[in-house]
Q: 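Just dropping this structure here.
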Amino acid sequence: MTSSDGDLIANELPKHYVPGEVEPRWLERWLDSGSYHSTPDPDKRPFTIVIPPPNVTGILHMGHALNNTLQDILIRHARMRGLEAMWMPGTDHAGIATQNVVERSLADAGLHRDAIGREKFVEKVWAWKEKYGSTIVNQLKRLGCSCDWERERFTMDQGLSRAVREVFVRLYQDGLIYRGRRLINWCVRCHTALADDEIEHVEKHSQLWHIRYPLKKSDKGGQRFLTVATTRPETMLGDTALAVHPDDPRYTELQGATAILPVIGREIPVIADTMVDPTFGSGVVKITPAHDPNDFEAGIRHDLERITVIGPDGTMTEMAGKYAGLDRFRCREKLVEELQDTGLLEKVEDHDNAVGQCYRCDSVIEPYLSEQWFVSMRPLAERAIAATREGALKFVPARWEKVYLAWLENVRDWCISRQIWWGHRIPVWYCAACGEMTVAIDTPTACQKCSSPNLTQDPDVLDTWFSSALWPFSTLGWPESTPELSYYYPTAILVTARDIIYFWVARMVMMGLHFMNEVPFGEVYINGTILDENGARMSKSRENGIDPVVMIQGGTQRRFGKDFNYEVYGADAVRYTLCSLTTDGQDIKLAPTRFDMGRNFINKMWNASRFVMIRISSLSLETGSLERENLSFTNRWILSRLAVVIDESSQQLASYRFHEYVKTLYEFAWGDFCDWYLELVKPELNPDSPDAPVTARVLAWVLDQLLRLLHPVTPFFTEEVWSLLAKAAPRRGLAELENPAPLLIRAAWPLDAEKWRDPKVEDDMSRAMNAIRAIRAIRAKFNLPPKSRLSVTVSTASRDYAESLEHLAGIITALAGLEDMLIGVNTPKPSQAASGVMDGMQVYVPLAALMDVEVEKIRITKDLAKKEDAITALNRKLSNFEFLSKAPQNIQDREIARKDEINRQIQELKELRDSLNN
RNA sequence: GGUCGCUUAGCGCAGUCGGUAGCGCACUACACUCACAUUGUAGGGGUCACUGGUUCGAGUCCAGUAGCGACCACCA
């Protein structure tokens with residue numbers, strides 16, 4: 001090659017990295033080459049992650065971007081480590097959420113689902129899914145997620161539907177699924193039952209109404225009425241008793257009395273039950289078994305009638321008498337008015353309480369009595385608890401284990417039937433002839449009892465989380481025993497957000513244990529929540545969201561009422577930034593400008609790579625085996641640093657310390673590699689230099705290794721440079737020149753660099769760095785022109801130190817811009833020289849006649865003050881008997897050595913100051 | 001009511017084993033022919049929320065207090 005090759009590359013490669021051009025190109029290449037695809041390989045260990053399936057209705061938000069970046073980092077790292085890495089992707093049908101979205105689009109066309117009927121409606125949802133369901137999948141691809149897209153699944157596809165029915169039937173046969181008439185959480189807007197954990201409790205300002213219930217005249221005692229406090233007066237229309245505490249002396253006489261329910265006129269008993277807290281309100285509680293969970297239980301204990309007064313649409317039923325047909329809240333107002341008018345409202349107090357709301361539409365939840373299907377959770381939960389206690393499941397950070405266990409320990413039966421149309425239909429059929437229930441995997445043609453063909457399937461569908469709970473094995477082909485199932489299950493780790501620990505994580509563990517006899521994952525990493533720059537959750541209504549797609553591709557985004565234009569940051573910059581902000585699952589306050597961090601780093605690395613290409617293209621690499629003894633100091637140093645960094649970053653990644661992993665690489669790449677190594681190596685790369693072939697070889701290798709280490713977090717950029725490096729140095733390596741993998745995504749993770757570690761070289765280098773920094777500082781303080789060549793004197797405290805510095809003279813001369821350097825032991829300070837005092841040495845920089853004595857004096861005085869403070873503290877410590885008798889010897893030795901060194905420096909500084917005074 | 005997390009430089013945050021407090025941004029000064037101004041060099045900036053305890057020694061461990069945040073909870 002000729003030197004014009006370097007110029008050619010310089011012209012071809014832009015000075016700024018252009019992610020918008022590079023990233024789509026590599027995405028296509030990876031997909032086309034099957035680089036993401038995995039098949040079971042008995043010779044390799046599997047490493048599986050199942051994606052938390054995003055809702056088909058979803059579009060990528062910053063939480064997804066973070067969560068999936070972390071998963072992709074782990075998967076790419078595993079793939080490079082030679083594991084059979086498989087990331088199972090897919091989407092969730094998200095029952096209520098999706099049905100709501102499609103209903104809304106129907107409403108825009110003036111339609112309601114009832115008008116078009118169930119079959120047509122479900123067809124429309126499928127059509128909607130076909131049209132929009134791939135949006136988030138494409139966004140994940142664009143982010144660089146290396147899922148095995150050929151295996152993509154959907155929670156309602158054929159295989160998963162089959163798994164759902166199988167699970168339902170087996171749980172039913174095991175006695176773990178049952179049907180019952182219970183009080184469940186009902187959303188009057190979504191028109192369906194919900195599970196307990198689908199309710200969000202929101203603290204609301206409300207009132208406590210004190211209502212007088214007249215007592216039946218025939219009852220003895222002078223009392224005319226009992227006062228009852230309630231937060232929900234409208235439910236009184238369904239009261240079937242009043243209750244007092246059995247030991248409450250105020251009401252002993254009245255136990256067994258009869259009260260007259262106002263408005264309705266129904267006679268209701270006054271019962272005694274320990275559920276009543278005598279200290280709250282009046283100590284008398286109204287009992288409404290059909291509208292309150294506590295009262296429901298009381299109703300069972302006392303065999304009370306259950307009267308439903310609020311219907312499924314949130315309006316009052318016929319049982320509410322004259323209020324029938326009225327909305328529940330309107331009824332409350334009207335009823336309170338009436339009680340006021342009739343003198344039965346004793347008083348109204350302000351009272352805050354937590355109101356249950358639907359997690360999908362925020363409507364106030366109604367406890368509602370109805371026939372539903374339930375899963376018995378206790379037996380399933382106990383196995384999950386035991387497995388966790390035995391250590392089969394580990395949370396990272398560990399604190400989430402407690403939260404997860406607390407939920408499992410207190411879990412109540414799970415209502416799984418939903419009165420919506422979009423979802424897995426419950427596999428139960430009722431016989432019109434004999435009423436028998438047939439529970440079956442395949443649609444039965446006749447009643448199992450009377451053989452009547454007149455069967456009707458249960459109209460309800462299953463909770464979305466029912467199918468999600470099966471995700472780690474249903475996606476692998478269960479209930480068939482596929483090669484995938486036995487190879488990839490259990491998965492390595494689950495990465496998810498904390499808000500679905502109950503919904504999803506706990507249920508996957510239960511189902512995995514029940515059906516696979518093994519936890520579905522050994523570890524659960526809970527990532528933090530992304531917040532806006534003010535610490536608020538991102539939401540549409542707040543207009544504070546940051547769209548990852550806009551950050552990746554550039555464009556306009558509306559925030560806080562204003563339109564902002566964003567440049568193209570690229571997926572790598574987004575990934576890098578998110579990764580660097582991920583510390584121990586802490587929440588992340590994010591502002592769009594934070595992505596500058598990632599962009600700047602990648603651009604810096606781009607230019608460093610550009611430099612490498614330009615310089616080595618015109619050189620031929622040394623072909624023999626490289627031995628440390630034959631390498632220059634600079635090359636030995638960078639290889640030693642690289643060895644340390646390989647070790648550290650690998651460990652940090654293996655223990656999910658994402659922030660530390662990128663920080664280690666950042667400091668090595670930007671600091672050691674760019675700021676020091678590239679600067680030092682410039683002269684060695686001169687085509688005339690005899691060192692050029694060796695240094696080019698080391699340079700190519702270090703860049704090669706660095707690209708591998710960075711690949712998991714910035715896959716596109718590193719793959720692009722990898723392909724350029726393949727042109728500049730098609731064969732590279734240290735022991736011998738070899739052909740690296742054609743694509744970085746499948747290249748081997750660096751390891752086994754221990755033999756290149758050299759602590760002595762690293763120590764010497766840090767001495768050189770100190771000297772260089774000191775000289776530069778003097779240059780800056782005295783405004784010496786950056787290009788002026790200086791002659792400096794270095795005086796060391798020992799001969800040993802002086803000798804080690806001799807080897808570094810070239811380096812110091814080059815990077816500090818020196819004309820020449822004189823090294824000696826305890827060399828006196830030249831006149832008219834500025835000085836720097838540091839560990840083991842002083843540097844003197846002669847100033848061409850014009851030294852500003854005052855500036856130098858101030859410098860020395862400040863330095864002296866700091867060092868004297870340090871000595872004071874050290875003296876206190878070293879004269880403390882307790883310290884001397886109890887602190888470990890190595891700490892004491894270190895402190896004594898430090899004191900001696902600082903004292904030496906103080907002595908030097910004083911002499912310098914005195915010399916200036918003369 | 002209970003549980004958990006956070007409080008360190010102007011802002012956003014690291015800080016593994018208790019042993020000389022760090023990073024990024026912002027700020028100040030200087031420097032654009034020579035990979036990179038999305039850059040380089042140098043610099044300023046801290047009572048580690050508060051109180052007490054353990055310890056020779058505490059940002060770090062323990063207890064408590066305050067503020068902020070999250071989650072759980074059927075007191076009407």
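Chain letters run A, B, ... following the sequence lines, proteins first, then strands; residues in each count from 1.
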Q: Sort out the partner of rG59(B) for me: Watson-Crick or G-U wobble, both distances under 3.5 Å, none otherwise.
A: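 Across all strands, not a single nucleotide pairs with rG59(B).
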
Q: Would you say the side-chain atoms of Asp863(A) and Gln905(A) include a donor-acceptor pair closer than 3.5 Å?
A: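 No donor-acceptor contact under 3.5 Å links the two side chains.
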
Q: In whole Å, measure the gap between the C1' atoms of rU39(B) and rC25(B) for me.
A: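 Comparing C1' positions in rU39(B) and rC25(B) gives a spacing of 16 Å.
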
Q: What distance, rounded to whole Å, do you find between the two C1' atoms, one in rU51(B) and one in rU7(B)?
A: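 Those two atoms are separated by 15 Å.
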
Q: Using atom P of each nucleotide, how far apart are rA21(B) and rC48(B) to the nearest Å?
A: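 Each nucleotide's P atom is 11 Å from the other's.
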
Q: Paired with rC30(B) by Watson-Crick or G-U wobble geometry, both distances under 3.5 Å: which nucleotide is it?
A: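 rC30(B) is paired with rG40(B).
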
Q: So Asn880(A), base contact, sugar-phosphate only, or nothing? Heavy-atom distance under 4.0 Å.
A: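 Sugar-phosphate only.
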
Q: Taking syn as any angle within 90 degrees of 0 and anti as the rest, which one fits rC68(B)?
A: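 You should classify rC68(B) as anti.
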
Q: Tell me, for nucleotides 32-41 of chain B in 5' to 3' order, what letter each nucleotide earns: B for a base near a protein heavy atom under 4.0 Å, S for only sugar-phosphate near one, - for neither?
A: ---BBSBSSS

Q: Please evaluate residues Phe658(A) and Tyr525(A) with respect to the criterion ring pair (Phe, Tyr, Trp, His ring centres under 6.0 Å), reporting the C-alpha separation (whole Å), side-chain torsions for both, the decisive distance (0.1 Å), and the verdict.
A: CA-CA 12 Å; Phe658(A) 295 100; Tyr525(A) 182 90; 5.4 Å; yes

Q: Over how many whole Å does the gap from Lys781(A) atom NZ to rU28(B) atom P extend?
A: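 That distance rounds to 16 Å.
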
Q: Between protein and nucleotides 19-24 of chain B, map the contacts as a letter string: B base, S sugar-phosphate only, - none, heavy atoms under 4.0 Å, written 5' to 3'.
A: BB---S

Q: Round to a whole Å and report the spacing from CZ of Arg332(A) to C1' of rA76(B).
A: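 That distance rounds to 13 Å.
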
Q: Can you tell me, in whole Å, how much space there is between the P of rG24(B) and that of rC68(B)?
A: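 The answer is 32 Å between these two P atoms.
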
Q: Just name whichever nucleotide pairs with rC74(B), Watson-Crick or G-U, keeping both distances under 3.5 Å, else none.
A: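 Paired with rC74(B), as far as the under-3.5 Å criterion goes, is no nucleotide at all.
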
Q: Given rC56(B), rA76(B), rG5(B), identify the nucleotide with an atom nearest to the side chain of Gln586(A).
A: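 Among rC56(B), rA76(B), rG5(B), the one nearest the side chain of Gln586(A) is rG5(B).
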
Q: May I ask you to say what Tyr502(A) touches in the nucleic acid, namely base, sugar-phosphate or nothing, with a heavy-atom cut-off under 4.0 Å?
A: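 Touches sugar-phosphate only.
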
Q: Please report, rounded to the nearest Å, how far the C1' atom of rU28(B) is from the CG atom of Asn783(A).
A: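 Taking CG of Asn783(A) and C1' of rU28(B), I get 13 Å after rounding.
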
Q: Could you tell me how far rA49(B) sits from rG67(B) if I compare only their C1' atoms? Round to whole Å.
A: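 That atom pair is separated by 8 Å.
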
Q: If you measure from the P atom in rA14(B) to the same atom in rC30(B), how many Å do you get, rounded?
A: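 Those two atoms are separated by 35 Å.
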
Q: When you measure from the side chain of Arg657(A), which nucleotide among rU16(B), rC75(B), rA73(B) comes out closest?
A: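 Nearest to the side-chain atoms of Arg657(A), counting from C-beta on, is rU16(B).
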
Q: Taking atom P in both rG69(B) and rG57(B), what distance in whole Å separates the two?
A: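 That atom pair is separated by 38 Å.
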
Q: In the structure shown, which nucleotide is the Watson-Crick or G-U wobble counterpart of rG45(B), with both distances under 3.5 Å?
A: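 The answer is none; no pair meets the criterion.
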
Q: Side chains of His245(A) and Asp277(A): donor-acceptor distance under 3.5 Å anywhere?
A: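 Side chains of His245(A) and Asp277(A): no pair found under 3.5 Å.
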
Q: What's the CZ-P distance between Arg537(A) and rA70(B), to the nearest Å?
A: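 Computing the Arg537(A):CZ to rA70(B):P distance gives 8 Å.
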
Q: Under 3.5 Å for both donor-acceptor distances, Watson-Crick or wobble: does rG24(B) have a partner, and if so which one?
A: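 Base partner found: rC11(B).
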
Q: Could you tell me the separation between the NZ atom of Lys402(A) and the P atom of rC71(B), rounded to a whole number of Å?
A: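 Nearest whole value for this atom pair: 17 Å.
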
Q: Is there a donor in the side chain of Thr529(A) and an acceptor in the side chain of Arg498(A), or the other way round, less than 3.5 Å apart?
A: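 There is such a pair (donor and acceptor under 3.5 Å, judged by atom type) between the side chains of Thr529(A) and Arg498(A).
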
Q: Strictly by modelled atom types, are Asp239(A) and Tyr213(A) linked by a side-chain donor-acceptor pair under 3.5 Å?
A: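 Note: Asp239(A) and Tyr213(A) side chains meet the donor-acceptor criterion.
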
Q: Which nucleotide in the list rG5(B), rC75(B), rA14(B) gets nearest to the side chain of Arg399(A)?
A: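 It is rG5(B).
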
Q: rA76(B) phosphate, OP1 or OP2: any side-chain N/O from Thr230(A) under 4.0 angstrom?
A: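 Checking rA76(B) against Thr230(A), no side-chain N or O comes under 4.0 Å of OP1 or OP2.
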
Q: Return the pairing partner of rG67(B) with a 3.5 Å limit on both distances, Watson-Crick or G-U wobble; otherwise return none.
A: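 Paired with rG67(B), as far as the under-3.5 Å criterion goes, is rC6(B).
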
Q: Do Ser689(A) and Glu684(A) have side-chain atoms, one donor and one acceptor, less than 3.5 Å apart?
A: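 No, no side-chain donor-acceptor pair sits under 3.5 Å.
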
Q: Under 3.5 Å, is there a donor-acceptor pair between the Thr664(A) and Gln652(A) side chains?
A: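 Yes, Gln652(A) and Thr664(A) have a side-chain donor paired with an acceptor closer than 3.5 Å.
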
Q: Just by distance, with hydrogens left out, do Lys286(A) and Thr235(A) show a side-chain donor and acceptor under 3.5 Å apart?
A: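 Judged by distance alone, the side chains do pair up.
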
Q: Under 4.0 Å: is that the gap between some side-chain N or O of Arg412(A) and OP1 or OP2 of rC74(B)?
A: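 Answer is yes, contact under 4.0 Å.
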
Q: Watson-Crick or G-U wobble partner for rC17(B), using a 3.5 Å limit on both distances?
A: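 The answer is none; no pair meets the criterion.
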
Q: Let me know the distance between CD1 of Ile268(A) and C1' of rA76(B), rounded to the nearest Å.
A: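 One finds 14 Å between C1' of rA76(B) and CD1 of Ile268(A), rounded.
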
Q: Between Phe881(A) and His659(A), which is nearer to the 5' end of RNA chain B once each is assigned its nearest nucleotide?
A: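 Checking each residue's closest nucleotide, the 5'-ward one belongs to His659(A).
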
Q: For Asp869(A) and rU47(B), what is the distance between atoms CG and P respectively, to the nearest whole Å?
A: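 Value for this atom pair: 15 Å.
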
Q: Between Thr582(A) and Arg657(A), do the side chains contain a donor N or O and an acceptor N or O under 3.5 Å apart?
A: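 Thr582(A) and Arg657(A) do not have a side-chain donor-acceptor pair below 3.5 Å.
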
Q: Any chance the side chains of Asn875(A) and Lys899(A) put a donor and an acceptor closer than 3.5 Å?
A: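 Result is yes, a qualifying pair exists.
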
Q: Counting the atoms with a prime plus P, OP1 and OP2 as sugar-phosphate, which does Val285(A) contact under 4.0 Å by heavy atoms, base, sugar-phosphate, or nothing?
A: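 Base contact.
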
Q: Determine whether the side chains of Asn770(A) and Asp839(A) contain a donor N or O and an acceptor N or O closer than 3.5 Å.
A: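 Not at all, the side chains of Asn770(A) and Asp839(A) share no donor-acceptor pair under 3.5 Å.
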
Q: Checking side-chain polar atoms at under 3.5 Å, does Asn185(A) have a donor or acceptor matched by the opposite partner on Tyr368(A)?
A: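 The answer is no; no qualifying pair exists.
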
Q: Provide the distance between the two P atoms, one in rC23(B) and one in rG18(B), to the nearest whole Å.
A: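 Roughly 23 Å separates the two P atoms.
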
Q: Can you tell me how far P of rC71(B) sits from NE2 of His201(A), to the nearest Å?
A: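 Rounded to whole Å, this separation is 12 Å.
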
